[in-house]
Amino acid sequence: MKYHLKKNIEIALISAIKQGKIPNVNIPKIRVERTKNKVYGDFASNIAMTLAKTTSINPFKIASIIVKAIPKTDVIDKIDIAGQGFINFTLSSDSKLQVVKCILATKDNFGKSYVGKGKCIQVEFVSANPTGPLHVGHGRSAVYGSIISNLLETIGFKVHREYYVNDSGRQVNILAISVWLRYLDVCGENIIFPSSAYRGKYVIDIAKILHANYGDEFFYSTLEIFTDISFEQPDDSNGDVYIDDLIEKAKQLLGQSEYRKIFDLCLNTILLDISDDLSDFGSYYDEWFSELSLIESGAVNKAIKKLKCANVLYQKDGAWWFKSTDFGDEKDRVVVRDNGQTTYFASDIAYHLNKFQRGFDEVINIWGSDHHGYIPRIKASLAVMNQDESRLKVLLVQFAVLYRGGDKVVMSTRSGEFVTLRELREEIGKDAARFFYVMHSAEQHMDFDLELTKLKNKDNPVYYVQYAHARICRVFRRLADSDLIWNRTIGETNLGKLVESHERDLLTMLARYPEILEFAALKHMPHILAHFLTDLSGAFHTYYNAHNFIINDTKLSQARLTLVVAVRQVIANGLTIMGISTLESM
RNA sequence: GCGUCUGUAGCUUAGUUGGAUAGAGCAUCAGUUUCCGAAACUGAAGGUCACGGGUUCAAUUCCUGUCAGGCGCGCCA
């Protein structure tokens, strides 16, 4: 429709110029937009105002010249000039009704398009360290990433959803050592647990599994372990060194293959928990990509070689540094430590190179806002390796602060006092959690009130939308109770009877749905969809209260029922994209 | 301190390639069930768009300065 109107304006402009009514200037990009206020019709263009300066003609006059030259079609009912020179289009009643037939014909596919032209996009999201269960902070990324993926798929992109597993490096080793120490406890040793180890209850659970699977296979006495290891300072000032010493000692005592058994069990247990948690939450993945595999396959070393060849690495204090300051970073970054181990950053360089080599047209990373300082160095490394870094888009998600009533929920990993995503889901449900996470724009700091999400009224938008759907289902159950049926053919042929303002509003909203999807997907703004569904549901509830659908006037009744079926379809389609259940009754 | 994101009604917030009277919801106040589920609807009130400059036909939107807040600034990941 927009395209149709643009084309008509273009034709009008060209003919006006030919007739000499408007000077022959460069025609700016013609923009046609939905009006914000329905008194201005359905669509508006500001073309006259943008032309005013170059032609030095008053915009109102330009507008009237254009309007006169626009070809007549049966799609457009009338064209007005308003304000400082807006050209407002009102669509014909008949053309507005088409959307209902279109929805009924395409059903679940209504709203889908091929804007993406089948281009491949990789979306990496959450990628939390596999050192513990996901907490509520990860929830927002999980929802944001999965809905963006769904949106992109809906408008014709091929989407690859990926979780990057940081299964190498210190943190996972600390987890392994934490589990091992708890395991020794289970074996009967009395271990003083280091404060810099992971102290959550889940660590003990894994230790029990370890013991159940392997018995005392990994048992060593306290004496054997703690000899030659400096004591941990009570103020935790040497915690890092202490825990690293412990890791080394464990590897020594246990040997590589035994240590690996513990390590793998920890990792697999946690990963299984995370993947179950995410899929129960409605976020799904195509691939779980292992960081360790990059190191073991030599991909990391290859990437480092590339950087060396590009002459952007130098040695200092026994470590290898990447000159990222040459590419706008704040400081240079270490890629190989003085102990010969590669850093997380080195893996990430290899990982991003790998992503690019896999041939994705676009690569999207969804990161917590705490990683924003990390973007310049990754882009720098890609540029050095002759990759087009504009193919990488990093979307930052701000933190959500949890409230319970008016009180902030304090979270601290160390004390083990954090709310897990699973607990959140059990407390308020998947649907409410997803809706709340996504209803605000991602770059907005967000307050998430747990009490609010538990309300079962319109304070809680997820119920509001789900109720609209259930209410429509209810109407049809009621219809059946009265031994009546919905007749689509009669409904469709009588759509012209839908003349009430509530009905016109709904028709306009339904027609906007595909535009909303396209906009939300391309701009990576899933909250737009959430707001749209809330608005559509609101318009429906208003309509429901103002008019009856099951009435004696059969033709009007069938037309209304047909409209309402279309509304239900669009709500269902939208909720599906959001990963939220559609309910037939509540 | 430097970098970065944010600041819209009492609260939570839409408003995005600059457009017409800045939209919602909650809370407040006043109403709506013999009628498809009131988990709903109608109406009222509530705003110097943090503050000051600039750019132009037009600024909540772009630029700049100030103030306030979040986050980052490890040979952690």
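Residue numbers begin at 1 in each chain, while the letters A, B, ... track the order of the sequences. Values below: all heavy atoms of this structure, side chains included; hydrogens, waters and symmetry mates excluded.
Distance from the side chain of Y467(A) is smallest for A39(B) among the nucleotides U13(B), A20(B), A39(B). For A319(A), the listed nucleotide lying nearest its side chain is C75(B); candidates were G19(B), C75(B), A40(B). Distances were taken from every side-chain heavy atom of Q171(A) (C-beta onward) to each of G72(B), C76(B), G15(B); the shortest belongs to C76(B). The side chain of Y40(A) approaches U21(B) more closely than any other nucleotide in the set C75(B), U21(B), A77(B). Taking every side-chain heavy atom of K331(A) into account, C73(B) is the closest of G19(B), A14(B), C73(B). For I550(A), the listed nucleotide lying nearest its side chain is C36(B); candidates were C36(B), A20(B), A77(B). In this structure, of C73(B), C36(B), C75(B), it is C36(B) that holds the atom nearest to the side chain of V475(A).
Protein atom CD1 of I516(A) is 12 Å distant from nucleotide atom P of U16(B), rounded to whole Å. The NE2 atom of H440(A) sits 12 Å away from the C1' atom of C11(B) (whole-angstrom rounding). Between the CZ atom of F322(A) and the P atom of G74(B) there is a distance of 17 Å, rounded to whole Å. Rounded to whole angstrom, the span from the CG atom of D505(A) across to the C1' atom of G23(B) amounts to 15 Å. Summarising the geometry, the separation between OH on Y464(A) and P on U12(B) is reported as 22 Å, rounded to the nearest angstrom. When the C1' atom of C76(B) is taken as reference, atom CZ of F345(A) falls 14 Å away, rounded to whole Å. Atoms CG (D370(A)) and P (G69(B)) sit 20 Å apart, rounded to a whole Å. Look at CD1 on I375(A): it is 9 Å from C1' on U4(B), rounded to the nearest Å.
Within 4.0 Å of N46(A), counting heavy atoms only, lies at least one base atom of the nucleic acid. The residue R31(A) sits close to a base: some heavy atom pair falls under 4.0 Å. Counting any heavy atom pair closer than 4.0 Å across all strands shown, R337(A) reaches a base atom. Across all strands shown, S168(A) has heavy atoms under 4.0 Å from sugar-phosphate atoms exclusively, and none from any base. When heavy atoms are screened at a 4.0 angstrom cut-off, H371(A) is found touching base atoms of the nucleic acid. As judged by a 4.0 angstrom heavy-atom cut-off over every strand, D317(A) is placed among the base-contacting residues. At the heavy-atom level, A468(A) lies nowhere under 4.0 Å from the strands shown. Using a 4.0 Å heavy-atom distance criterion, M525(A) is classed as a base contact. Residue-level contact check: T534(A) touches neither bases nor backbone, having no heavy atom under 4.0 Å from any strand. The residue T342(A) sits apart from the nucleic acid: no heavy atom pair falls under 4.0 Å. In this structure, D167(A) reaches neither bases nor backbone, as no heavy-atom distance under 4.0 Å exists between it and the strands shown. Within 4.0 Å (heavy atoms only), N129(A) reaches sugar-phosphate atoms of the nucleic acid but no base atom. At a threshold of 4.0 angstrom between heavy atoms, the contacts of H502(A) with the nucleic acid are absent. Within the nucleic acid shown, A44(A) comes within 4.0 Å of at least one base atom, counting heavy atoms only.
Here T542(A) reaches the OP1 or OP2 of U42(B): one of its side-chain N or O atoms lies under 4.0 Å away. Residue R170(A) has no polar side-chain atom (N or O) positioned under 4.0 Å from OP1 or OP2 of A77(B). Taking side-chain N and O atoms only, K523(A) has no distance below 4.0 Å to OP1 or OP2 of U17(B). In terms of phosphate contacts, H541(A) brings no side-chain nitrogen or oxygen within less than 4.0 Å of OP1 or OP2 of U42(B). Distances shown here put a side-chain N or O of R471(A) below 4.0 Å from the OP1 or OP2 atom of A38(B). Put simply, Y544(A) has a side-chain N or O that comes within less than 4.0 Å of OP1 or OP2 on A38(B).
Across all strands shown, G72(B) is found opposite C2(B) as a Watson-Crick or G-U wobble partner, with both distances under 3.5 Å. When both pairing distances are held under 3.5 Å, C26(B) makes a Watson-Crick or G-U pair with G10(B). With a cut-off of 3.5 Å on both pairing distances, the Watson-Crick or G-U wobble partner of G19(B) is C57(B). The partner of C41(B), taking Watson-Crick or G-U wobble pairs whose two distances both stay under 3.5 Å, is G31(B).
Side-chain N/O atoms of H372(A) and base N/O atoms of G3(B) include a donor-acceptor pair closer than 3.5 Å.
Contact detail for I571(A) and L533(A): the closest heavy-atom pair is CA-CD2, 4.1 Å. In terms of heavy-atom proximity, F125(A) sits nearest to Y163(A) at O-CD1, 4.0 Å.
A donor-acceptor pair under 3.5 Å is formed between the side chain of T35(A) and the backbone N or O of G41(A). Judged by distance alone, with hydrogens and angles left aside, the side-chain atoms of H469(A) form a donor-acceptor pair with the main-chain N or O of L583(A) at under 3.5 Å. Under the 3.5 Å distance criterion, the side-chain polar atoms of T582(A) are left unmatched by any main-chain donor or acceptor of A572(A). Not a single donor-acceptor pair under 3.5 Å links the side chain of R474(A) to the backbone N or O of S585(A).
With C1' as the reference atom, G1(B) and A45(B) are 47 Å apart, rounded to whole Å. Taking atom C1' on both nucleotides, A24(B) is separated from U66(B) by 32 Å, rounded to a whole Å. Nucleotides U28(B) and U64(B) have their P atoms positioned 43 Å apart, rounded to a whole Å. Taking atom C1' in both G72(B) and A27(B), the straight-line distance is 37 Å, to the nearest Å. U13(B) and A20(B) are spaced 25 Å apart, taking the P atom of each and rounding to whole Å. For the C1' atom pair drawn from A44(B) and U4(B), the interatomic distance equals 43 Å after rounding to whole Å. Separating the P atom of U16(B) from that of A22(B) is a span of 14 Å, rounded to the nearest Å. Spacing of C1' atoms, A59(B) relative to C49(B), comes out at 11 Å, to the nearest Å.
The aromatic ring centroids of Y437(A) and Y144(A) lie 6.0 Å or more from each other. Aromatic pair Y40(A)/F86(A): centroids not less than 6.0 angstrom apart.
The cationic atom of R471(A) (NZ for Lys, CZ for Arg) lies less than 6.0 Å from the six-membered ring centre of Y544(A) and within 45° of the ring axis.
With centres under 5.5 Å and a plane angle under 30° as the test, the ring of F86(A) is not stacked against the base of G19(B).
In this pair, Y513(A) and F532(A) present their aromatic rings tilted. The plane angle is within the 30 to 60° band.
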